[in-house]
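Below you'll find the structure, written out as structure tokens, and then a few comments.
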Amino acid sequence: AFSVVSKQLSQCKLDLLEGLVSAEVFQVLKEKLSLLPENHRDALAADIDAIMYTTEGDVRIYYDDDGIKFVSILMRFWYLNDAKLPDEVPGETKVFQIVFGDESTKEKRHLLTANYEFQREFTEGAKPDWTITRIEHPRLLE
């Protein structure tokens, strides 16, 4: 889900995200994406093969005011991206240079992070559909 959604974000295809993200997240993305420079939008895309590491940050079970049970999982992702970002992007992890072939051909990759929170209703009989309730790409989508 992270790879698919991050690619849709980078291409500003918000119409494809309706129903996958909460209404609040959808509105925030709509506002922020229109203001992002192209290189930052490109850096949002995480190819599934470029995801280096994932971990859960927080898992919660809670009830709303009506007694409906929910599960929320915050996932953290580290991924490589070849967007044309400056080397000194604040808050970014190390910039790696990967050499393919000879020394004259270098390809730069940035190791970036993202946090996505997934939520679903967990009461008996509820549809097993997950919704993304938070999307953070630090220093890119702010």
Side-chain angles (χ1 to χ4, degrees), residues 1-101 104-142:
F2 165 61
S3 179
V4 169
V5 170
S6 69
K7 287 178 186 177
Q8 300 304 328
L9 286 176
S10 73
Q11 297 169 8
C12 294
K13 294 184 177 178
L14 291 177
D15 55 321
L16 299 177
L17 296 179
E18 281 191 87
L20 295 176
V21 301
S22 68
E24 297 83 11
V25 169
F26 186 83
Q27 189 59 40
V28 169
L29 292 173
K30 194 173 174 181
E31 293 168 10
K32 288 183 177 183
L33 284 176
S34 64
L35 302 174
L36 282 184
E38 185 177 348
N39 62 339
H40 282 217
R41 280 195 312 268
D42 291 345
L44 296 175
D47 187 64
I48 197 158
D49 295 329
I51 298 171
M52 302 283 84
Y53 185 72
T54 64
T55 187
E56 67 280 347
D58 189 23
V59 178
R60 295 181 293 137
I61 298 174
Y62 61 95
Y63 295 86
D64 71 2
D65 294 337
D66 298 322
I68 298 173
K69 187 177 184 180
F70 289 91
V71 173
S72 176
I73 302 173
L74 176 64
M75 294 295 299
R76 294 192 171 120
F77 302 92
W78 286 262
Y79 63 100
L80 291 174
N81 184 286
D82 60 359
K84 307 284 187 265
L85 295 173
D87 291 345
E88 67 280 347
V89 173
E92 180 188 345
T93 312
K94 184 73 177 149
V95 174
F96 293 93
Q97 286 189 8
I98 301 168
V99 178
F100 294 103
S104 64
T105 309
K106 289 186 180 180
E107 184 178 345
K108 261 190 193 179
R109 299 279 179 151
H110 298 270
L111 182 59
L112 302 169
T113 62
N115 302 311
Y116 281 48
E117 185 175 55
F118 300 89
Q119 175 185 295
R120 73 166 268 210
E121 184 179 343
F122 214 71
T123 48
E124 192 171 324
K127 292 181 182 179
D129 296 336
W130 290 89
T131 302
I132 299 171
T133 55
R134 179 170 33 163
I135 293 178
E136 297 172 339
H137 285 261
R139 307 292 183 226
L140 295 174
L141 191 59
E142 293 184 342

Closest non-hydrogen atom pair, [X] against [Y]:
{"X": "R139", "Y": "H40", "value": "O-CE1, 3.6 Å"}
{"X": "P138", "Y": "A114", "value": "CD-CA, 4.3 Å"}
{"X": "L44", "Y": "Y79", "value": "O-OH, 3.7 Å"}
{"X": "A126", "Y": "R120", "value": "O-NH2, 4.4 Å"}
{"X": "R41", "Y": "C12", "value": "CD-SG, 3.2 Å"}

Drop me the distance from [X]'s [atom1] to [Y]'s [atom2], to the nearest 0.5 angstrom.
{"X": "T131", "Y": "F70", "atom1": "OG1", "atom2": "CZ", "answer": "9.0 Å"}
{"X": "Q119", "Y": "I132", "atom1": "CD", "atom2": "CD1", "answer": "11.5 Å"}
{"X": "T55", "Y": "M75", "atom1": "OG1", "atom2": "CE", "answer": "6.5 Å"}
{"X": "D129", "Y": "L20", "atom1": "CG", "atom2": "CG", "answer": "9.5 Å"}
{"X": "K69", "Y": "F122", "atom1": "NZ", "atom2": "CZ", "answer": "6.5 Å"}

Taking side chain to side chain donor-acceptor pair (under 3.5 Å) as the test, write out the residues that go with T54, two or more places apart.
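Result, side chain to side chain donor-acceptor pair (under 3.5 Å) vs T54: none returned.
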
N/O donor-acceptor pairs under 3.5 Å from side chains in residues 24-38, not counting sequence neighbours:
from: E24; atom 1: OE1; to: S22; atom 2: OG; distance (Å): 3.4
from: Q27; atom 1: NE2; to: E31; atom 2: OE2; distance (Å): 3.4
from: S34; atom 1: OG; to: E31; atom 2: O; distance (Å): 2.9

Measure from the side-chain N and O atoms of N39 to the backbone N and O of K84, and report whether any donor-acceptor pair falls under 3.5 Å.
yes

Any donor-acceptor pair under 3.5 Å from D66 side chain to I68 backbone:
no

Quick check: do T113 and R76 have side-chain heavy atoms less than 4.5 Å from each other?
no

Hey, are the side chains of R134 and L74 touching, using non-hydrogen atoms and a 4.5 Å cut-off?
yes

Counting only pairs under 3.5 Å, give me each side-chain donor-acceptor contact of residues 1-10, with atom names and distances, residues two or more places apart or in other chains.
from: S3; atom 1: OG; to: A46; atom 2: O; distance (Å): 2.7
from: S3; atom 1: OG; to: I48; atom 2: N; distance (Å): 3.3
from: S6; atom 1: OG; to: F2; atom 2: O; distance (Å): 3.1
from: S6; atom 1: OG; to: S3; atom 2: O; distance (Å): 3.0
from: S6; atom 1: OG; to: A46; atom 2: N; distance (Å): 2.9
from: K7; atom 1: NZ; to: D47; atom 2: OD1; distance (Å): 3.1
from: S10; atom 1: OG; to: K7; atom 2: O; distance (Å): 2.8

Looking at F118, W130, Y62, which hits side-chain contact (heavy atoms from CB on, under 4.5 Å) with V71?
W130

